[in-house]
Protein chains: 2
Amino acid sequence: MDPVPPLPDQPRITNATLSDVARAAGVSAITVSRALNQPHLVRPGTLAKIQAAVRETGYAKNRAPAEHGTDRSKLVALILPTVANPIFADMVQAASDKLTDAGYQLLLGLASYEVWREEILVETVLSRRPDGIILTGTLHSDNTRRRLQSISIPIVETWDLTPFPIDMLVGFSHEEVGNTVAARMLTKGYRRFAILTADDPRASRRHLGLQAALGRQGIEVVATDVVPTPASLQLGREGCARLLARHPDIELVICSSDTLAQGAMTEAVSRGLRIPDDLAILGFGDLNFAAHTYPPLSSVRVDGSLIGALAAHAIVERLTGVPPAKRMPAVTDTGFQLIERGST
Amino acid sequence: MDPVPPLPDQPRITNATLSDVARAAGVSAITVSRALNQPHLVRPGTLAKIQAAVRETGYAKNRAPAEHGTDRSKLVALILPTVANPIFADMVQAASDKLTDAGYQLLLGLASYEVWREEILVETVLSRRPDGIILTGTLHSDNTRRRLQSISIPIVETWDLTPFPIDMLVGFSHEEVGNTVAARMLTKGYRRFAILTADDPRASRRHLGLQAALGRQGIEVVATDVVPTPASLQLGREGCARLLARHPDIELVICSSDTLAQGAMTEAVSRGLRIPDDLAILGFGDLNFAAHTYPPLSSVRVDGSLIGALAAHAIVERLTGVPPAKRMPAVTDTGFQLIERGST
DNA sequence: CTGTTAGCGCGTTCAA
DNA sequence: TTGAACGCGCTAACAG
């Protein structure tokens with residue numbers, strides 16, 4: 001079907017307005033507006049005339065005056081660090097689907113894990129008067145918090161929990177992840193822990209939780225290696241190599257993402273280490289590939305799609321006037337799950 | 001730093017307008033507008049007064065009236081099939097960076113490889129009068145083409161080449177990929193080819209190109225297996241299993257993505273097949289992980305970041321009035337590269 | 001079911 | 001360097 005020659009039809013009248021359509025249809029502008037937005041309020045005959053006139057004039061809807069007049073933009077902003085991390089890509093996909101279904105469009109802002117970027121993005125985004133905002137994390141600049149608290153649209157913070165959300169919250173406790181991992185790995189007999197983490201605030205929280213939990217058992221993390229975001233297999237290999245160089249006797253490397261973990265495994269295997277006997281490795285995210293590495297990767301499963309869908313859902317519920325009693329709670333713990341597959 | 005208690009400051013006056021700020025600063029609204037958008041046209045003293053008034057009133061910019069009045073939205077729409085495929089995620093990231101730098105915001109639409117969804121998305125997106133549009137592929141509905149041809153904003157089609165672009169084009173030839181792969185694999189001595197492909201129009205084009213090139217040598221593809229999008233490792237395994245069940249003697253499986261290829265490799269290895277001697281496998285995309293599979297995956301490298309950056313760049317150049325002579329060409333071939341690593 | 005009136009709050013254009 | 005007048009095109013509110 002492709003390539004295709006240029007279509008014969010010539011450009012229609014661009015920028016036809018409602019009045020143009022109205023004139024062509026022999027009705028008033030407001031009737032055209034109704035025909036387009038609330039067709040059930042218009043008599044079928046009139047509707048047909050108007051539809052013909054729309055085609056004839058090549059009319060394309062124009063939301064700018066509508067937004068100006070009504071202050072409803074049908075826009076929802078999603079602000080996240082990056083879309084290169086598959087857990088965020090999943091979130092975007094799920095949020096986009098839900099929002100599109102509900103008649104909203106997605107304004108995307110990527111903040112690269114930097115609070116100051118987020119601040120700028122929020123300010124820019126607010127200039128479009130979005131009907132709702134989805135943020136990543138609960139760590140924002142004071143300006144951002146103040147600005148967001150002063151407005152009355154639904155806001156969802158995601159991927160985290162906090163006692164002081166700006167508005168709504170969909171996520172899980174990163175400290176709790178650390179606790180759970182510590183408890184389980186101690187049970188399995190590991191004592192010499194290393195951390196391989198990307199430079200990401202939520203990952204740090206998980207590892208602080210881990211260290212605290214280990215500390216309560218009198219155990220210290222032997223070594224920590226921090227790599228820049230976004231993580232890659234290469235960074236995982238290199239990080240693992242540094243850890244092993246400094247501390248050849250570590251038993252377990254806990255990684256802040258599956259990608260780092262897979263890179264670390266590659267390094268370990270290439271050195272002839274047996275996994276998990278010589279070196280155990282734990283990932284985070286539990287991405288699709290975790291079940292398909294050699295050996296299959298143990299990982300903490302979190303669900304980006306779920307977070308995206310729930311966040312979008314929370315916003316749409318508010319906007320469509322679902323009564324508070326029937327809405328999802330303002331704080332939703334999406335949970336996580338430690339999955340063991342053979343690398344620990 | 002987190003959790004954080006609620007900030008003490010109370011909500012400022014929401015929806016303060018330029019006039020409110022003007023009153024507080026003792027100037028006219030238009031001067032405030034200038035102070036915000038073209039500060040160099042305002043005397044420093046006045047500027048300072050206005051900045052104070054902005055803080056005092058909690059003024060937040062409002063683009064709606066501006067858009068209504070001027071028909072420039074500072075919005076660029078990016079329409080693609082999905083963001084779950086990392087090559088598209090790379091593209092989004094790169095495009096977003098470029099556009100943000102140039103002062104534009106990103107409106108994201110996901111069309112799931114379906115032309116009718118794209119048609120709806122384009123129509124919806126046009127209602128916001130974006131300053132530019134980036135599309136994926138060159139295959140659109142007649143309505144979409146007609147609509148887009150009738151408007152005068154910069155439009156870039158991506159990930160493909162065609163003699164009849166709507167406006168600008170950034171991509172590579174999928175038929176050419178097929179040709180190149182065929183030529184090289186024939187040279188290496190493979191004769192019994194199988195195809196494992198996701199249900200995606202550009203992938204199909206590549207495989208048609210492959211089949212045509214093989215046909216010219218009197219060789220037929222032994223078997224084809226089509227899986228739904230989005231691809232996954234699991235689908236790759238299953239597809240490979242089906243191919244081997246039907247035709248145990250195939251020598252080479254050419255996959256429409258690295259993900260499928262890796263899944264296929266997993267299946268082959270689990271059956272005790274040696275790669276590439278018993279079965280060779282070729283991927284597409286050359287994602288980061290391709291170099292880190294066992295054996296490392298041969299793949300056709302394409303660069304999503306490059307495509308995203310060039311597409312955004314082309315739009316910005318037009319919008320910022322770079323003279324045609326200094327602009328990038330309307331059609332840019334981003335090329336591809338066959339990388340052999342050990343799986344072929 | 002359809003029409004009339006009025007106003008949303010900016011930026012553009014021109015004048016001072 | 002600053003200001004005044006105007007209009008962008010739609011929809012809310014009310015009337016018929």
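All values reported here derive from a predicted model rather than from experimental measurement.
- Among the nucleotides C:dC1, C:dC10, D:dG3, the one closest to the side chain of B:Thr17 is C:dC10.
- The shortest distance between the side-chain N/O atoms of B:Ser33 and the OP1/OP2 oxygens of C:dG11 is below 4.0 Å.
- Counting to the nearest Å, the P atom of D:dC10 and the CZ atom of B:Arg128 are 15 Å from each other.
- Not a single donor-acceptor pair under 3.5 Å links the side chain of A:Ser112 to the backbone N or O of A:Glu114.
- The CZ atom of B:Arg63 sits 16 Å away from the C1' atom of C:dC8 (whole-angstrom rounding).
- Checking D:dC10, C:dT4, C:dG9 against the side-chain heavy atoms of A:Ser28 singles out C:dT4 as nearest.
- If you check D:dA12, C:dT2, D:dG9 against the side chain of A:Thr70, the one that comes closest is D:dA12.
- As a whole-Å value, the separation of B:Leu126 CG from D:dG9 C1' is 17 Å.
- For the pair B:Thr46 and D:dT2, the criterion of a side-chain N or O lying under 4.0 Å from OP1 or OP2 is met.
- We find that CG of A:Leu36 is positioned 16 Å from P of D:dG9, with the value rounded to whole Å.
- Residue B:Leu135 is tested with B:Leu121, B:Thr158, B:Ile79, B:Leu78 for a side chain to side chain contact (heavy atoms under 4.5 Å, CB included); the sole match is B:Ile79.
- Rounded to whole angstrom, the span from the NE2 atom of A:His68 across to the P atom of D:dA12 amounts to 14 Å.
- Positionally, the nearest nucleotide of DNA chain C for A:Pro44 lies more toward the 5' end than for the other of A:Ile30 and A:Pro44.
- The NE2 atom of A:His40 sits 15 Å away from the C1' atom of C:dT2 (whole-angstrom rounding).
- Phosphate proximity of D:dC10 to A:Tyr59: present, with a side-chain N or O under 4.0 Å from OP1 or OP2.
- At a cut-off of 3.5 angstrom, counting only N and O atoms as typed in the model, there is a donor on one side and an acceptor on the other between the side-chain of A:Arg34 and the base of C:dG3.
- Looking at heavy-atom distances under 4.0 Å, A:Asp71 makes no contact with the nucleic acid at all.
- A salt bridge does not link B:Arg147 with B:Glu119: none of the charged nitrogens is closer than 4.0 Å to a carboxylate oxygen.
- Here the straight-line distance linking atom CD of B:Glu317 with atom CG of B:Leu310 works out to 9.5 Å at 0.5 Å rounding.
- Residue-to-nucleotide proximity on DNA chain D shows that, of B:Gly26 and B:Gly69, the 5′-proximal contact is made by B:Gly26.
- A:Glu118 and A:Ser141 share no side-chain donor-acceptor pair at under 3.5 Å.
- Remark: P of D:dC8 and CD of B:Glu67 are 17 Å apart, rounded to the nearest angstrom.
- Here C:dG9 presents its C1' atom at 10 Å from CZ of A:Arg129, a figure rounded to the nearest Å.
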